[in-house]
Amino acid sequence: MKALFYVWVFISCAPLLVLAVMTVSTFWPYPALLPEIMSWEYYYHVFVQNDQTLNAAVTSILLAVSVAFITLMIAVPAAKALTHHNFFGKDFVKILVLLPIIVPGIAVTIGNQISMIRLGLTGTFGGVAIIHSLFALPFAIRIMSNVFEAVGNRLELQAAVLGAGPAFIFRRVTLPQIIPGLLAAFTLSFTISIAQYVTTFMIGGGRVITLTILLVPHIQGGQTHIAAVYSVLLIGAAVLSLSMMEHIVRRYYNFENVFYA
């Protein structure tokens with residue numbers, strides 16, 4: 001089983017390794033296993049010759065962080081209501097929450113673009129953040145619903161019986177229990193946002209420039225090596241966010257002391 005696991009890990013990572021090699025290969029004829037000529041010219045083009053790259057990277061990160069916060073602000077109370085409260089139409093709401101990932105994304109985006117035009121939010125950072133949050137919400141609500149089901153509400157009810165207010169209960173009882181779920185939902189929302197292209201292009205209207213907006217034209221133009229550099233940047237951002245999440249969870253729960261003390 002261990003050997004099979006490592007085989008699957010290699011199969012999953014092999015395309016990423018090829019992508020990384022493409023960023024530094026200037027001559028890689030078939031069927032050579034490795035490039036015959038390698039250089040950093042594509043990185044030079046992306047980071048030095050293209051003055052939009054740095055701004056696009058900053059915009060992508062700020063947008064993804066904003067989307068993650070917006071998503072959590074909606075997902076946490078929504079998941080808690082769906083888990084611990086009964087109300088008319090609850091099952092229908094659970095299905096409704098999943099619509100952005102059930103219905104084709106382009107259809108959802110076109111429908112929302114009309115609303116954004118009427119609200120004057122097209123071509124704005126806020127408009128793009130709202131649309132990205134729409135696609136991240138189903139995943140975040142699902143994660144937080146599972147978390148609330150796992151932790152239950154017994155401690156919250158006991159705190160209420162003892163006279164604690166809602167704000168105190170959330171800050172001192174609920175929040176410490178759901179921290180891992182919050183971090184998981186935050187990271188997934190961040191990753192979903194940073195990888196969006198169609199929604200960013202249609203709602204941003206070419207005014208909100210992210211890394212994916214710079215990436216796709218190079219693919220369409222056959223400049224695969226430059227596109228590979230932008231792809232590596234996107235992968236790096238996703239891996240960094242996952243690593244930070246794991247580090248925070250381990251420090252919060254003191255895993256090292258628990259397992260190695």
Side-chain angles (χ1 to χ4, degrees), residues 56-83 93-109 111-113 115-116 121 124-151 170 174-204 208-213 215 230-231 233-252:
V58 173
T59 300
S60 296
I61 294 173
L62 290 177
L63 183 61
V65 171
S66 301
V67 168
F69 276 114
I70 293 172
T71 302
L72 287 183
M73 290 175 62
I74 301 173
V76 171
K80 187 171 179 59
L82 290 172
T83 304
V93 172
K94 287 183 176 180
I95 298 175
L96 191 65
V97 165
L98 298 176
L99 281 182
I101 58 177
I102 296 176
V103 178
I106 186 66
V108 175
T109 304
N112 282 280
Q113 185 185 33
S115 300
M116 289 294 167
L121 291 175
T124 65
F125 184 93
V128 175
I130 291 173
I131 295 300
H132 283 196
S133 300
L134 184 66
F135 288 93
L137 266 175
F139 300 97
I141 291 177
R142 185 61 181 173
I143 290 172
M144 296 312 302
S145 295
N146 291 338
V147 171
F148 281 119
E149 288 176 0
V151 302
F170 180 79
T174 306
L175 190 59
Q177 296 181 91
I178 66 173
I179 285 291
L182 288 175
L183 292 173
F186 184 96
T187 303
L188 186 57
S189 301
F190 180 96
T191 305
I192 290 172
S193 173
I194 207 168
Q196 290 288 326
Y197 169 72
V198 174
T199 53
T200 306
F201 177 76
M202 293 185 65
I203 305 300
V208 180
I209 306 298
T210 61
L211 289 176
T212 54
I213 295 296
L215 164 66
Y230 284 114
S231 299
L233 289 178
L234 291 171
I235 294 171
V239 171
L240 180 62
S241 64
L242 290 172
S243 301
M244 290 178 62
M245 181 197 73
E246 182 180 4
H247 177 71
I248 293 172
V249 170
R250 285 185 172 276
R251 284 182 60 87
Y252 183 81

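Because only heavy atoms are used, hydrogens play no part in the values below, and waters and symmetry mates are left out as well, while side chains stay in.
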Does any non-hydrogen side-chain atom of [Y] lie less than 4.5 Å from one of [X]?
| X | Y | result |
| --- | --- | --- |
| Tyr197 | Thr210 | no |
| Phe148 | Val76 | yes |
| Thr83 | Val147 | no |
| Phe139 | Thr191 | no |
| Ile131 | Met202 | no |
| Leu183 | Ile179 | yes |
| Ile209 | Thr59 | no |

Kindly write out the residues that satisfy side chain to side chain donor-acceptor pair (under 3.5 Å) with Ser193, not counting sequence neighbours, or none if the list is empty.
His132
Pairs flagged by salt bridge (Lys or Arg N to Asp or Glu O under 4.0 Å) wherever residues 127-151 is involved - sequence neighbours left out
none
The complete set of salt bridge (Lys or Arg N to Asp or Glu O under 4.0 Å) pairs with one or both residues in residues 70-82, sequence neighbours excluded, reads Lys80-Glu156
Quick one: closest heavy-atom pair of [X] and [Y], and the distance?
| X | Y | answer |
| --- | --- | --- |
| Gln196 | Thr200 | O-OG1, 3.3 Å |
| Phe190 | Ile61 | CE1-O, 4.1 Å |
| Leu63 | Val128 | CD2-CG1, 3.6 Å |
| Phe170 | Pro176 | O-CD, 4.4 Å |
| Ala185 | Met144 | CB-SD, 4.3 Å |
| Leu96 | Pro100 | O-CD, 4.0 Å |

Heavy-atom count check: over 12 atoms from other residues, nucleotides or ligands less than 6.0 Å from Phe125 CZ?
yes
Interatomic distance, [X] atom [atom1] to [Y] atom [atom2] [nearest 0.5 angstrom]:
| X | Y | atom1 | atom2 | result |
| --- | --- | --- | --- | --- |
| Ser66 | Ile130 | OG | CD1 | 11.0 Å |
| Phe135 | Asn112 | CZ | CG | 7.0 Å |
| Leu211 | Ser231 | CG | OG | 10.0 Å |
| Leu134 | Ile101 | CG | CD1 | 11.0 Å |

Side-chain donor-acceptor pairs of residues 68-75 under 3.5 Å, sequence neighbours excluded:
{"residue": "Thr71", "atom": "OG1", "partner": "Val67", "partner atom": "O", "Å": "2.6"}

Main-chain N/O of Ile194 paired with Ser60 side-chain donor or acceptor, under 3.5 Å:
no
With sequence neighbours left out, what residues match Ala184 under side-chain contact (heavy atoms from CB on, under 4.5 Å)?
Ile143, Met245
With sequence neighbours left out, what residues match Ala78 under side-chain contact (heavy atoms from CB on, under 4.5 Å)?
Ile141
Dump the intermediate steps for side chain to side chain contact (heavy atoms under 4.5 Å, CB included) on Leu175 and Leu182, then the final yes or no.
CA-CA 9 Å; Leu175 190 59; Leu182 288 175; 3.4 Å; yes
